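As the structure is a computational prediction, the values presented were derived from the model and not from experiment. Protein chains get the first letters and strands the later ones, always in sequence-line order, with residue 1 at the start of each.
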Number of protein chains: 2
Amino acid sequence: MNRFLSSAVNRIDAKGRVSVPAHFRSVVQSRGYAELYAIRQLDIPALDVGGLDLLDRYEARIGLEDPFMQTADDMSFFVHGDGAFLKFDQDGRISVTDFIREHTGITTEVAFVGRGDFFQMWEPSKLAAYGAQARARLLRLRQGMKPGGETGEQPE
Amino acid sequence: MNRFLSSAVNRIDAKGRVSVPAHFRSVVQSRGYAELYAIRQLDIPALDVGGLDLLDRYEARIGLEDPFMQTADDMSFFVHGDGAFLKFDQDGRISVTDFIREHTGITTEVAFVGRGDFFQMWEPSKLAAYGAQARARLLRLRQGMKPGGETGEQPE
DNA sequence: ACTGTTCCCGTTGACGCCCATATAGCCCCA
DNA sequence: TGGGGCTATATGGGCGTCAACGGGAACAGT
(Lines give C-alpha, C1' and ligand atoms only; values in the text may rest on other atoms or scores of the structure.)
Protein backbone atom coordinates (compact mmCIF):
# COMPACT_ATOMS: atom_id res chain seq x y z
CA MET A 1 0.00 0.00 0.00
CA ASN A 2 1.38 3.35 -0.83
CA ARG A 3 -0.58 5.63 1.43
CA PHE A 4 0.69 7.04 4.67
CA LEU A 5 -1.31 5.29 7.34
CA SER A 6 -1.25 4.77 11.10
CA SER A 7 0.93 6.50 13.61
CA ALA A 8 4.04 5.86 15.66
CA VAL A 9 6.20 7.61 18.22
CA ASN A 10 9.98 7.51 17.91
CA ARG A 11 12.71 8.88 20.15
CA ILE A 12 15.22 11.55 19.27
CA ASP A 13 18.79 10.52 20.03
CA ALA A 14 21.62 12.58 21.50
CA LYS A 15 22.60 13.85 18.10
CA GLY A 16 19.14 15.11 17.30
CA ARG A 17 18.19 12.34 14.91
CA VAL A 18 14.94 10.42 14.72
CA SER A 19 13.99 7.36 12.70
CA VAL A 20 11.14 7.81 10.27
CA PRO A 21 8.92 4.72 10.64
CA ALA A 22 9.96 2.03 8.19
CA HIS A 23 6.51 1.80 6.71
CA PHE A 24 6.54 5.51 5.85
CA ARG A 25 9.95 5.17 4.29
CA SER A 26 8.74 2.42 2.01
CA VAL A 27 5.80 4.60 0.98
CA VAL A 28 8.19 7.44 0.24
CA GLN A 29 10.23 5.16 -1.92
CA SER A 30 7.31 3.60 -3.74
CA ARG A 31 6.02 7.07 -4.55
CA GLY A 32 9.41 7.98 -5.89
CA TYR A 33 9.95 10.97 -3.65
CA ALA A 34 13.57 11.94 -3.94
CA GLU A 35 13.32 14.39 -1.08
CA LEU A 36 10.80 15.19 1.58
CA TYR A 37 9.34 18.65 1.88
CA ALA A 38 8.02 19.91 5.21
CA ILE A 39 5.59 22.77 5.74
CA ARG A 40 4.36 24.27 8.99
CA GLN A 41 0.66 23.97 9.54
CA LEU A 42 -0.92 27.36 9.92
CA ASP A 43 -2.89 27.09 13.11
CA ILE A 44 -1.67 23.78 14.47
CA PRO A 45 1.70 22.88 16.01
CA ALA A 46 2.39 20.21 13.42
CA LEU A 47 4.43 19.79 10.26
CA ASP A 48 3.07 18.40 7.03
CA VAL A 49 5.68 16.26 5.32
CA GLY A 50 5.48 14.79 1.86
CA GLY A 51 6.75 14.96 -1.68
CA LEU A 52 6.81 18.06 -3.78
CA ASP A 53 3.24 17.35 -4.80
CA LEU A 54 2.41 18.58 -1.33
CA LEU A 55 2.99 22.04 -2.74
CA ASP A 56 0.33 21.47 -5.37
CA ARG A 57 -2.21 21.00 -2.69
CA TYR A 58 -1.29 24.22 -0.98
CA GLU A 59 -1.10 26.15 -4.18
CA ALA A 60 -4.60 25.01 -5.01
CA ARG A 61 -5.66 26.43 -1.68
CA ILE A 62 -3.98 29.74 -2.44
CA GLY A 63 -5.66 29.80 -5.82
CA LEU A 64 -9.01 30.02 -4.09
CA GLU A 65 -8.07 33.34 -2.54
CA ASP A 66 -8.38 36.68 -4.23
CA PRO A 67 -4.85 37.45 -5.43
CA PHE A 68 -5.27 41.10 -4.44
CA MET A 69 -5.98 40.30 -0.87
CA GLN A 70 -3.44 40.14 1.86
CA THR A 71 -4.47 36.60 2.68
CA ALA A 72 -3.24 35.19 -0.59
CA ASP A 73 0.09 36.89 -0.18
CA ASP A 74 0.42 35.66 3.38
CA MET A 75 -0.36 32.14 2.31
CA SER A 76 2.09 32.23 -0.54
CA PHE A 77 4.78 33.56 1.73
CA PHE A 78 4.06 30.83 4.19
CA VAL A 79 3.98 27.97 1.75
CA HIS A 80 6.91 28.93 -0.40
CA GLY A 81 9.09 30.64 2.12
CA ASP A 82 8.48 28.69 5.25
CA GLY A 83 9.15 25.14 4.21
CA ALA A 84 12.22 22.96 4.49
CA PHE A 85 13.67 19.86 2.90
CA LEU A 86 14.31 16.84 5.04
CA LYS A 87 17.08 14.45 4.10
CA PHE A 88 17.33 10.84 5.13
CA ASP A 89 20.60 9.47 6.35
CA GLN A 90 21.49 5.90 5.41
CA ASP A 91 19.51 4.44 8.26
CA GLY A 92 16.33 6.28 7.36
CA ARG A 93 16.69 8.96 10.00
CA ILE A 94 16.21 12.68 9.70
CA SER A 95 17.68 15.32 11.96
CA VAL A 96 15.30 17.37 14.05
CA THR A 97 16.28 20.94 13.35
CA ASP A 98 15.21 24.11 15.10
CA PHE A 99 12.84 24.65 12.20
CA ILE A 100 10.97 21.60 13.40
CA ARG A 101 11.29 22.19 17.12
CA GLU A 102 10.13 25.80 17.13
CA HIS A 103 6.83 25.24 15.50
CA THR A 104 5.92 21.89 17.01
CA GLY A 105 7.34 22.05 20.49
CA ILE A 106 9.08 18.74 19.87
CA THR A 107 11.86 18.02 22.35
CA THR A 108 12.67 14.35 22.91
CA GLU A 109 10.11 12.36 20.95
CA VAL A 110 8.32 12.68 17.63
CA ALA A 111 4.88 11.35 16.80
CA PHE A 112 4.50 10.47 13.11
CA VAL A 113 0.92 10.45 11.85
CA GLY A 114 -0.09 9.13 8.44
CA ARG A 115 -2.48 11.35 6.51
CA GLY A 116 -2.87 9.51 3.23
CA ASP A 117 -0.87 11.51 0.74
CA PHE A 118 1.47 12.97 3.34
CA PHE A 119 2.30 12.54 6.99
CA GLN A 120 2.63 14.81 9.99
CA MET A 121 5.12 15.28 12.77
CA TRP A 122 3.83 16.18 16.23
CA GLU A 123 4.91 16.55 19.79
CA PRO A 124 3.20 13.44 21.20
CA SER A 125 1.19 15.09 23.97
CA LYS A 126 -0.05 17.81 21.64
CA LEU A 127 -1.09 15.17 19.18
CA ALA A 128 -3.10 13.38 21.84
CA ALA A 129 -4.88 16.59 22.79
CA TYR A 130 -5.66 17.49 19.21
CA GLY A 131 -6.81 13.96 18.44
CA ALA A 132 -9.30 14.08 21.29
CA GLN A 133 -10.70 17.35 19.95
CA ALA A 134 -10.96 16.02 16.42
CA ARG A 135 -12.76 12.96 17.70
CA ALA A 136 -15.22 15.07 19.67
CA ARG A 137 -15.95 17.20 16.60
CA LEU A 138 -16.64 14.13 14.50
CA LEU A 139 -18.94 12.72 17.14
CA ARG A 140 -20.95 15.92 17.24
CA LEU A 141 -21.10 15.85 13.49
CA ARG A 142 -22.40 12.33 13.47
CA GLN A 143 -25.06 13.06 16.02
CA GLY A 144 -26.21 16.07 14.06
CA MET A 145 -26.47 14.13 10.85
CA LYS A 146 -29.44 12.13 9.76
CA PRO A 147 -28.87 8.42 10.12
CA GLY A 148 -28.97 6.35 6.98
CA GLY A 149 -26.55 8.25 4.81
CA GLU A 150 -24.71 5.96 2.50
CA THR A 151 -21.06 6.39 1.83
CA GLY A 152 -19.49 7.10 5.15
CA GLU A 153 -21.97 5.71 7.58
CA GLN A 154 -21.05 3.00 9.97
CA PRO A 155 -23.54 0.17 10.13
CA GLU A 156 -24.47 0.35 13.77
CA MET B 1 -20.61 -17.73 2.20
CA ASN B 2 -18.76 -14.58 1.53
CA ARG B 3 -19.60 -12.57 4.62
CA PHE B 4 -18.14 -12.21 8.05
CA LEU B 5 -20.62 -13.92 10.35
CA SER B 6 -20.75 -15.22 13.92
CA SER B 7 -18.20 -14.61 16.60
CA ALA B 8 -15.35 -16.31 18.44
CA VAL B 9 -12.91 -15.63 21.23
CA ASN B 10 -9.25 -16.50 20.81
CA ARG B 11 -6.32 -16.24 23.16
CA ILE B 12 -3.27 -14.06 22.76
CA ASP B 13 -0.03 -15.99 23.17
CA ALA B 14 3.15 -14.98 24.93
CA LYS B 15 4.43 -13.20 21.86
CA GLY B 16 1.34 -11.10 21.45
CA ARG B 17 -0.18 -13.03 18.57
CA VAL B 18 -3.76 -14.14 18.09
CA SER B 19 -5.32 -16.43 15.51
CA VAL B 20 -7.97 -14.88 13.32
CA PRO B 21 -10.84 -17.41 13.16
CA ALA B 22 -10.38 -19.71 10.20
CA HIS B 23 -13.79 -18.86 8.81
CA PHE B 24 -12.90 -15.17 8.69
CA ARG B 25 -9.62 -15.97 7.01
CA SER B 26 -11.39 -17.87 4.28
CA VAL B 27 -13.73 -14.92 3.73
CA VAL B 28 -10.71 -12.64 3.54
CA GLN B 29 -9.18 -14.88 0.94
CA SER B 30 -12.32 -15.32 -1.12
CA ARG B 31 -12.70 -11.56 -1.23
CA GLY B 32 -9.13 -11.25 -2.37
CA TYR B 33 -7.96 -8.98 0.42
CA ALA B 34 -4.20 -8.83 0.35
CA GLU B 35 -4.03 -6.95 3.62
CA LEU B 36 -6.43 -5.94 6.30
CA TYR B 37 -7.29 -2.38 7.19
CA ALA B 38 -8.27 -1.65 10.78
CA ILE B 39 -9.81 1.53 12.16
CA ARG B 40 -10.80 2.55 15.65
CA GLN B 41 -14.48 3.10 16.22
CA LEU B 42 -15.26 6.66 17.22
CA ASP B 43 -17.10 6.14 20.48
CA ILE B 44 -16.86 2.41 21.07
CA PRO B 45 -13.81 0.44 22.28
CA ALA B 46 -13.74 -1.74 19.18
CA LEU B 47 -11.82 -1.98 15.94
CA ASP B 48 -13.43 -2.37 12.54
CA VAL B 49 -11.34 -4.63 10.32
CA GLY B 50 -11.86 -5.17 6.64
CA GLY B 51 -10.28 -4.95 3.23
CA LEU B 52 -9.02 -1.94 1.39
CA ASP B 53 -12.53 -1.24 0.19
CA LEU B 54 -13.30 -0.22 3.75
CA LEU B 55 -10.59 2.41 3.50
CA ASP B 56 -11.87 3.39 0.06
CA ARG B 57 -15.32 3.96 1.48
CA TYR B 58 -13.99 6.32 4.11
CA GLU B 59 -11.83 8.17 1.65
CA ALA B 60 -14.77 8.55 -0.71
CA ARG B 61 -16.68 10.09 2.16
CA ILE B 62 -13.86 12.51 2.85
CA GLY B 63 -13.85 13.44 -0.81
CA LEU B 64 -17.36 14.83 -0.42
CA GLU B 65 -16.12 17.47 2.00
CA ASP B 66 -14.44 20.72 1.15
CA PRO B 67 -10.81 19.65 1.42
CA PHE B 68 -9.78 22.84 3.17
CA MET B 69 -12.39 22.80 5.88
CA GLN B 70 -11.95 21.49 9.35
CA THR B 71 -14.28 18.57 8.84
CA ALA B 72 -12.25 17.09 6.01
CA ASP B 73 -9.13 17.42 8.10
CA ASP B 74 -10.75 15.77 11.09
CA MET B 75 -12.00 12.91 8.95
CA SER B 76 -8.62 12.33 7.38
CA PHE B 77 -7.03 12.52 10.79
CA PHE B 78 -9.37 9.82 11.98
CA VAL B 79 -9.29 7.55 8.94
CA HIS B 80 -5.56 7.73 8.30
CA GLY B 81 -4.15 8.50 11.71
CA ASP B 82 -6.39 6.14 13.63
CA GLY B 83 -6.16 3.38 11.06
CA ALA B 84 -3.55 0.69 10.49
CA PHE B 85 -2.78 -2.32 8.37
CA LEU B 86 -2.81 -5.77 9.93
CA LYS B 87 -0.69 -8.49 8.41
CA PHE B 88 -1.24 -12.20 8.73
CA ASP B 89 1.65 -14.44 9.54
CA GLN B 90 1.76 -17.77 7.76
CA ASP B 91 -0.47 -19.41 10.32
CA GLY B 92 -3.22 -16.83 9.97
CA ARG B 93 -2.34 -14.90 13.09
CA ILE B 94 -1.99 -11.18 13.60
CA SER B 95 0.03 -9.50 16.30
CA VAL B 96 -1.85 -7.45 18.84
CA THR B 97 -0.03 -4.14 18.89
CA ASP B 98 -0.40 -1.22 21.26
CA PHE B 99 -2.49 0.40 18.56
CA ILE B 100 -5.08 -2.31 19.18
CA ARG B 101 -4.70 -2.59 22.93
CA GLU B 102 -4.99 1.10 23.72
CA HIS B 103 -8.31 1.63 22.11
CA THR B 104 -9.99 -1.68 22.92
CA GLY B 105 -8.57 -2.54 26.33
CA ILE B 106 -7.65 -5.97 24.98
CA THR B 107 -5.12 -7.77 27.17
CA THR B 108 -5.17 -11.57 26.97
CA GLU B 109 -8.08 -12.50 24.72
CA VAL B 110 -9.73 -11.13 21.61
CA ALA B 111 -13.37 -11.44 20.64
CA PHE B 112 -13.90 -11.47 16.87
CA VAL B 113 -17.36 -10.45 15.71
CA GLY B 114 -18.60 -10.76 12.15
CA ARG B 115 -20.36 -7.70 10.79
CA GLY B 116 -21.04 -8.64 7.20
CA ASP B 117 -18.57 -6.73 5.08
CA PHE B 118 -16.08 -6.39 7.90
CA PHE B 119 -15.48 -7.77 11.36
CA GLN B 120 -14.71 -6.30 14.73
CA MET B 121 -12.20 -6.96 17.48
CA TRP B 122 -13.28 -6.48 21.10
CA GLU B 123 -12.16 -7.11 24.61
CA PRO B 124 -14.55 -9.98 25.45
CA SER B 125 -16.13 -8.52 28.57
CA LYS B 126 -16.69 -5.15 26.90
CA LEU B 127 -18.34 -6.90 24.01
CA ALA B 128 -20.68 -8.71 26.39
CA ALA B 129 -21.60 -5.45 28.10
CA TYR B 130 -22.18 -3.72 24.80
CA GLY B 131 -24.26 -6.60 23.51
CA ALA B 132 -26.49 -6.44 26.56
CA GLN B 133 -27.04 -2.73 26.02
CA ALA B 134 -27.81 -3.20 22.37
CA ARG B 135 -30.32 -5.87 23.22
CA ALA B 136 -31.96 -3.64 25.81
CA ARG B 137 -32.20 -0.77 23.32
CA LEU B 138 -33.87 -2.99 20.77
CA LEU B 139 -36.25 -4.34 23.36
CA ARG B 140 -37.31 -0.84 24.41
CA LEU B 141 -37.83 0.05 20.79
CA ARG B 142 -40.14 -2.88 20.29
CA GLN B 143 -42.12 -1.92 23.34
CA GLY B 144 -42.64 1.52 21.93
CA MET B 145 -40.45 3.30 24.45
CA LYS B 146 -37.85 5.83 23.61
CA PRO B 147 -34.37 4.42 23.18
CA GLY B 148 -31.64 5.59 25.52
CA GLY B 149 -33.92 5.89 28.52
CA GLU B 150 -32.86 6.55 32.07
CA THR B 151 -32.19 2.94 32.91
CA GLY B 152 -29.58 2.61 30.20
CA GLU B 153 -25.98 2.33 31.25
CA GLN B 154 -23.15 4.03 29.48
CA PRO B 155 -20.68 1.97 27.46
CA GLU B 156 -17.56 1.19 29.43
C1' DA C 1 40.67 24.06 15.21
C1' DC C 2 35.79 23.57 16.32
C1' DT C 3 31.12 22.31 15.54
C1' DG C 4 27.78 20.03 13.33
C1' DT C 5 26.76 16.52 9.91
C1' DT C 6 27.26 12.07 7.60
C1' DC C 7 28.84 7.32 7.37
C1' DC C 8 29.23 2.99 9.44
C1' DC C 9 29.08 -0.40 12.99
C1' DG C 10 27.17 -2.87 17.08
C1' DT C 11 23.27 -3.84 20.29
C1' DT C 12 18.63 -4.81 21.49
C1' DG C 13 14.12 -6.03 21.05
C1' DA C 14 10.19 -6.94 18.13
C1' DC C 15 8.36 -9.45 14.53
C1' DG C 16 8.02 -12.98 10.76
C1' DC C 17 9.10 -17.66 9.27
C1' DC C 18 9.02 -22.26 10.32
C1' DC C 19 8.04 -26.35 12.88
C1' DA C 20 5.85 -28.94 16.76
C1' DT C 21 1.76 -30.33 19.54
C1' DA C 22 -2.88 -30.83 21.20
C1' DT C 23 -7.61 -31.20 20.46
C1' DA C 24 -11.80 -31.65 18.06
C1' DG C 25 -14.39 -32.90 14.16
C1' DC C 26 -14.79 -35.70 10.12
C1' DC C 27 -14.43 -39.55 7.00
C1' DC C 28 -13.47 -44.16 5.81
C1' DC C 29 -13.78 -48.78 6.39
C1' DA C 30 -14.37 -53.09 8.38
C1' DT D 1 -22.28 -48.64 13.50
C1' DG D 2 -18.23 -48.22 16.14
C1' DG D 3 -13.39 -47.50 15.98
C1' DG D 4 -9.35 -45.69 14.19
C1' DG D 5 -6.95 -42.59 11.75
C1' DC D 6 -6.75 -38.25 9.09
C1' DT D 7 -7.17 -33.32 8.90
C1' DA D 8 -7.77 -28.74 10.23
C1' DT D 9 -7.47 -25.38 13.76
C1' DA D 10 -5.66 -23.10 17.67
C1' DT D 11 -1.65 -22.55 20.19
C1' DG D 12 3.34 -22.79 21.74
C1' DG D 13 8.13 -21.93 20.84
C1' DG D 14 13.00 -21.72 18.40
C1' DC D 15 15.38 -18.78 15.57
C1' DG D 16 16.78 -15.54 12.00
C1' DT D 17 15.95 -10.90 10.24
C1' DC D 18 15.13 -6.21 10.53
C1' DA D 19 13.97 -1.77 12.61
C1' DA D 20 15.05 1.51 16.16
C1' DC D 21 18.67 3.35 18.51
C1' DG D 22 23.28 4.50 20.46
C1' DG D 23 27.94 5.82 19.57
C1' DG D 24 32.71 6.09 17.28
C1' DA D 25 35.03 7.98 13.48
C1' DA D 26 35.50 10.42 9.08
C1' DC D 27 34.28 14.68 6.94
C1' DA D 28 32.94 19.49 5.78
C1' DG D 29 31.94 24.22 6.58
C1' DT D 30 33.11 28.29 9.16
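- C/dC15 atom P lies 14 Å from atom CZ of B/Phe99, rounded to whole Å.
- A/Arg93 pairs by the salt bridge (charged side-chain N to carboxylate O under 4.0 Å, His left out) definition with A/Asp13, A/Asp89, A/Asp91, not counting sequence neighbours.
- Between A/Asp48 and A/Arg57, no side-chain nitrogen of the basic residue sits less than 4.0 Å from a carboxylate oxygen of the acidic one, so the salt-bridge criterion is not met.
- Here the C1' atom of nucleotide D/dA10 and the CZ atom of B/Phe112 are 11 Å apart, to the nearest Å.
- Fit an axis to the five pairs at each end of the helix from C/dA1-D/dT30 to C/dA30-D/dT1 and the two axes sit 30° apart, to the nearest 10 degrees.
- Under 4.0 Å is where a charged nitrogen must lie from a carboxylate oxygen, and between B/Asp43 and A/Arg135 no such pair does.
- Residue B/Thr97 places its side chain closer to C/dC15 than to any other of C/dC15, C/dG16, C/dC17.
- Using a 3.5 Å distance cut-off with no hydrogens or angles, the side chains of B/His80 and B/Glu59 do pair a donor with an acceptor.
- Legend: residues meeting side chain to side chain contact (heavy atoms under 4.5 Å, CB included) with B/Ser95, ordered by chain and number and at least two apart, are B/Thr97.
- In this structure, B/Lys87 places its NZ atom 12 Å from C1' of D/dA19, rounding to the nearest Å.
- Apart from B/Val49 itself, the hydrophobic cluster it occupies contains B/Phe4, B/Ile12, B/Val18, B/Val20, B/Phe24, B/Val27, B/Val28, B/Tyr33, B/Leu36, B/Leu47, B/Leu86, B/Phe88, B/Ile94, B/Val96, B/Phe99, B/Ile100, B/Ile106, B/Val110, B/Phe112, B/Phe119, B/Met121, where clustering links Ile, Leu, Val, Met, Phe, Trp and Tyr at side-chain heavy-atom distances under 4.5 Å.
- Atom P of nucleotide D/dT9 and atom CD of B/Gln90 are separated by 16 Å, given to the nearest angstrom.
- The nucleotide whose nearest atom lies closest to any side-chain atom of B/Ala22 is, among D/dT9, C/dG16, C/dT6, D/dT9.
- Across the protein-nucleic acid pair, A/Asp89 atom CG and C/dC9 atom C1' stand 13 Å apart, rounded to whole Å.
- Atom CG of B/Leu55 is separated from atom OH of B/Tyr37 by 5.0 Å, given to the nearest 0.5 angstrom.
- Remark: C1' of D/dA19 and CZ of A/Phe88 are 14 Å apart, rounded to the nearest angstrom.
- Within the nucleic acid shown, B/Val20 comes within 4.0 Å of sugar-phosphate atoms alone, with no base atom in reach, counting heavy atoms only.
- Members clustered with A/Ile44: A/Val113, A/Trp122, A/Leu127, A/Tyr130, B/Phe77, by chain and number, using a 4.5 Å side-chain heavy-atom cutoff among hydrophobic residues.
- Between the P atom of C/dG25 and the NE2 atom of B/His23 lies a distance of 17 Å, rounded to the nearest Å.
- In terms of phosphate contacts, B/Arg25 brings no side-chain nitrogen or oxygen within less than 4.0 Å of OP1 or OP2 of D/dA8.
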- If a protein heavy atom is under 4.0 Å from the base, mark B; if only from the sugar-phosphate, S; if neither, -; do that for nucleotides 21-30 of chain D going 5' to 3'. BBBBB-----
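- For the residue pair A/Ser19 and A/Asn10, no side-chain donor N or O sits within less than 3.5 Å of a side-chain acceptor on the partner.
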